[in-house]
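This is the structure, below, for whatever I ask next.
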Amino acid sequence: MNADLFAAMAQAVVDGDATAAADLARSALDSRIPPAEALDKGFVPGIRTVGELWESGDYFLPELIASAEAMKAAATVLRPALEADGASSSSAGTVVIGTVDGDIHDIGKNLVSAMLTANGFKVIDLGADVKLPAFLEAAERAGADLICLSALLTTTMLGQKRLIELLVERGLRGRFKVLVGGAPTSRRWAEEIGADGYGESAPAAVRAALGLMGKVTS
Amino acid sequence: MSPLVSVLTSGRQIAADVGELLSDLLVREDIPLNLYCGRRGVCGKCFVEVLSGDVPPTDERERTLAKARNLDAGRFRLACRISIRGDLTIRVPDAALIPKTRILAQGTGKEVLLDPTVKKISVRPRRPDLHSPHALLEGLKAGLGLPGLRLSPEALYSAAAALSGSPDEEPTVTAVLGSGDELRGVERGDTSSRLFGLALDLGTTTLAADLVDLGTGAVIETAVGLNGQASFGADVVSRISSAFKDPVQAAALRNAVLESINALLSELQTAAGIRPDEIYETVVAGNTAMSHFFLGLPVDGLAVAPFAGVFCIAPPLPADRSGLRVNPLGRVYLAPNLQSFVGGDITAGVTATDLPSRPGTVLFLDLGTNGELVLKTNRGMTSTSTAAGPAFEGMSISCGLPAQTGAIDKAVLEKNGEIVVRTIGGGPARGVCGTGLVDLIAAFLRRGDLSPDGRVLRPDKRLPVAPGVVLTPQDVREIQLAAAAVKTGMRMLLAAARLEVGDLDEILVAGAFGASLNVENAEAIGLLPRLPGRIEFVGNSSLEGARALLLSGRERLRAEGLARIILHLPLARDAAFERIFVDSLSFREWPEDPALTETPKEDQ
């Protein structure tokens with residue numbers, strides 16, 4: 001029974017159908033399915049499929065955005081119930097995200113931001129062209145778990161390196177995990193600058209974020 | 001009663017004031033008389049035929065000038081030497097008019113009156129003698145009729161060398177004059193028919209140059225070459241990155257582009273039989289990054305937001321500092337930049353197409369690495385630039401090539417479902433260039449191998465084109481991104497002007513594609529809106545505009561004014577950008593409502 005519902009939830013996300021996703025979330029609550037289970041067994045597998053479709057070249061930005069929207073719609077319905085079930089399961093973690101200083105590109109960052117929200121993260125999106133100290137201030141204020149840095153220019157990706165240096169200088173490196181991404185970056189770059197994770201695409205970034213939070217993602 | 005001047009051929013009769021110069025009268029009547037030396041009676045270009053009437057007598061200098069042109073000194077007189085005393089009947093030969101040059105080989109460009117910022121005037125300097133032991137330069141000033149002649153320090157040495165020669169061997173010298181009566185140099189003998197200029201389109205990928213005769217406005221030779229900076233990165237951003245905070249690398253980039261230009265110069269000079277020192281004026285039109293590299297200016301500001309360049313309008317550079325193999329006493333002028341990402345190449349394009357004066361609503365679109373756009377409406381002009389990326393130049397595509405031998409530049413879907421390709425040079429296909437990519441995407445869409453949202457529908461996820469040439473899903477995505485960037489720019493410019501795409505009277509397409517782009521296919525994949533009969537290719541308008549700026553000082557003033565009157569629309573800061581961009585990603589024809597475009601203004 002529930003298996004069909006979970007499959008429909010996944011499909012709604014894959015289809016990018018926000019209305020269907022919200023409806024399915026409501027019927028899950030009506031059927032007294034625990035909201036965390038609806039998320040983990042229904043919607044999250046959908047977003048995982050979306051990630052695979054992206055990587056195979058079948059999905060592109062419009063599909064990815066529609067799927068993120070569907071995921072967000074479901075999460076919005078489930079959130080009150082999730083929170084009622086206890087804070088620990090209500091949020092996958094708190095993220096501060098932005099595109100670094102000198103860089104105004106933000107489509108990719110917005111997508112990661114939307115998909116992190118869809119996956120249950122509390123996301124504080126600072127926007128684009130964000131001064132490095134602003135990341136630290138926001139992260140400290142929100143008690144964030146993760147700082148996600150996007151850079152779309154080879155000249156601005158140095159900002160990612162500098163942020164990590166800044167964390168070390170201020171003795172905050174242990175407090176926050178750092179996840180980097182953006183067209184000119186690579187896994188090697190992430191390792192070189194000592195980042196904790198790298199997201200090649202929005203779905204990959206979400207997987208990495210979940211992994212850093214100790215959530216099983218495969 | 002005022003004297004009457006009858007101009008034969010035009011049949012005009014013009015009332016004159018006694019004492020008025022004939023040249024001034026003709027100019028006042030809009031006859032484009034060639035007053036090359038500024039009415040000083042030394043260049044011999046404004047000879048008109050006097051058929052009847054009372055005119056002042058000729059002097060020695062005027063007779064010499066007439067003789068040099070095989071004209072009868074009794075009948076042919078310099079219009080700038082005739083002070084009107086009574087009725088005159090004259091004929092103005094074509095040779096006395098300012099030569100005009102048509103700019104833009106393709107499409108409708110503008111006519112430019114020859115008015116270069118450098119001129120050559122041959123004179124016999126007044127020779128010093130015991131009664132008047134004046135300095136040699138004073139003799140030159142007297143000969144030129146220019147007591148206010150200004151000298152640059154370098155010109156002093158050049159003048160000294162030419163004027164110190166024995167006047168018995170060679171009594172004539174040729175003065176090279178820049179704007180504002182500035183002496184740039186002096187050459188021995190009469191070299192006034194040997195004055196050349198270089199117009200250069202300094203592209204990120206390719207260079208194109210015209211060697212121009214500044215006496216006639218004619219293009220003598222044209223050459224194209226590749227920008228040697230390519231080894232530092234295919235696109236502008238990667239080159240800026242490579243020079244970012246690294247003066248050594250920045251200097252290497254400058255040297256690379258100078259080497260490429262100088263190679264092109266040698267080729268032009270050899271083909272035309274011209275010496276480097278006969279080129280006194282150069283105009284360079286390039287994007288902002290290229291002009292900064294060329295001048296050896298730091299590009300660090302262009303590397304990060306807010307992407308500020310050093311200059312929009314640069315002073316003409318002394319040629320000896322430019323690194324170009326031209327006359328060191330010459331000048332190098334940079335087509336002014338409008339904005340950091342709307343450079344001198346666009347200013348040149350706007351100049352060449354005469355965009356400000358075109359009637360109606362016109363979109364100028366340069367499809368290069370950055371897709372730059374300028375929208376002209378009845379209320380003004382707005383520019384923007386889009387990060388189209390180098391996909392249409394064949395970069396970032398797995399089988400991409402620039403438009404060179406072996407590149408597929410055309411593809412047609414036959415009735416039997418077969419895709420037939422044509423390569424540049426006719427040989428076996430080595431890859432695909434921009435126009436070929438547009439044709440291929442259109443063909444794969446029609447054949448059902450590709451969905452309009454860009455998904456490859458073939459089970460093996462490959463789009464075979466020719467033996468060894470295959471488009472991958474990633475290639476398709478790159479083309480989608482590039483086309484969407486351009487489309488987003490168009491849509492947002494129109495939206496900002498509160499116009500619909502159907503309101504466009506013309507789209508002028510310049511840049512990489514040239515006329516070999518198949519408009520139907522560009523419309524089918526949504527790169528260009530479907531506006532039958534309203535899309536016109538204008539070719540390399542950057543080079544054509546550089547030539548206009550080389551031929552005419554007036555065009556330079558107008559071009560410099562563009563930076564003040566063209567507004568700029570930054571796209572990425574607009575809240576609607578992301579939505580419009582994502583919406584523009586699909587390979588669909590637009591506008592979706594064909595009623596918008598049903599009434600072309602002319603039948604074509």
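The figures here come from the full heavy-atom set of this structure, side chains too, leaving out hydrogens, waters and symmetry mates.
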Scan Leu158(A), Asp129(A), Thr156(A), Ile104(A) and name whichever one has a side chain to side chain contact (heavy atoms under 4.5 Å, CB included) with Val304(B).
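Going through Leu158(A), Asp129(A), Thr156(A), Ile104(A) one by one, the side chain to side chain contact (heavy atoms under 4.5 Å, CB included) with Val304(B) is satisfied by Thr156(A) alone.
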
For Asp101(A), which atoms come within 4.5 Å of any heavy atom of chain B: side chain, backbone, both, or neither?
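For Asp101(A), no heavy atom lies under 4.5 Å from chain B.
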
Determine which residues belonging to residues 578-590 of chain B lie within contact range of chain A, meaning some heavy atom pair is under 4.5 Å apart, and list them by number or answer 'none'.
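Listed by number: Glu578(B), Phe581(B), Val582(B), Leu585(B).
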
Step by step, would you call Phe60(A) with Val476(B) a side chain to side chain contact (heavy atoms under 4.5 Å, CB included)?
CA-CA 11 Å; Phe60(A) 203 36; Val476(B) 175; over 6 Å; no

For Asp103(A), is it the side chain, the backbone, both, or neither that has a heavy atom closer than 4.5 Å to a heavy atom of chain B?
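Asp103(A) touches chain B through backbone heavy atoms alone.
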
Let me see the working for Leu61(A) and Leu481(B) under side chain to side chain contact (heavy atoms under 4.5 Å, CB included), right down to the final yes or no.
CA-CA 10 Å; Leu61(A) 290 173; Leu481(B) 289 172; 4.1 Å; yes

Under 6.0 Å from the CZ atom of Arg458(B), do we count more than 12 heavy atoms belonging to anything else shown?
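Yes - once you tally the heavy atoms of other residues, nucleotides and ligands closer than 6.0 Å, there are more than 12.
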
Near Gln249(B) CD, under 6.0 Å, is it more than 12 heavy atoms from other residues, nucleotides or ligands?
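Yes, enclosed.
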
Sidechain-backbone polar pair: Arg477(B) side chain, Gly57(A) backbone, donor-acceptor under 3.5 Å:
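Indeed, once roles are kept as given, a pair shorter than 3.5 Å links the two residues.
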
Quick check on Ile107(A) against chain B: is it the side chain, the backbone, both or neither that has a heavy atom closer than 4.5 Å?
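Contact with chain B: backbone and side chain both.
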
Approximate separation, where rounding is to 0.5 Å, of Asp106(A) CG and Phe577(B) CZ
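Taking CG in Asp106(A) and CZ in Phe577(B), the distance rounds to 8.5 Å.
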
Could you tell me if the side chain of Lys461(B) sits less than 4.5 Å from the side chain of Asp58(A), heavy atoms only?
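Sidechains of Lys461(B) and Asp58(A): in contact.
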
Run the side chain to side chain contact (heavy atoms under 4.5 Å, CB included) test on Thr155(A) and Lys245(B) for me, step by step, so that the C-alpha distance in whole Å, both residues' side-chain angles and the decisive distance to 0.1 Å come before the verdict.
CA-CA 10 Å; Thr155(A) 44; Lys245(B) 295 188 174 164; over 6 Å; no

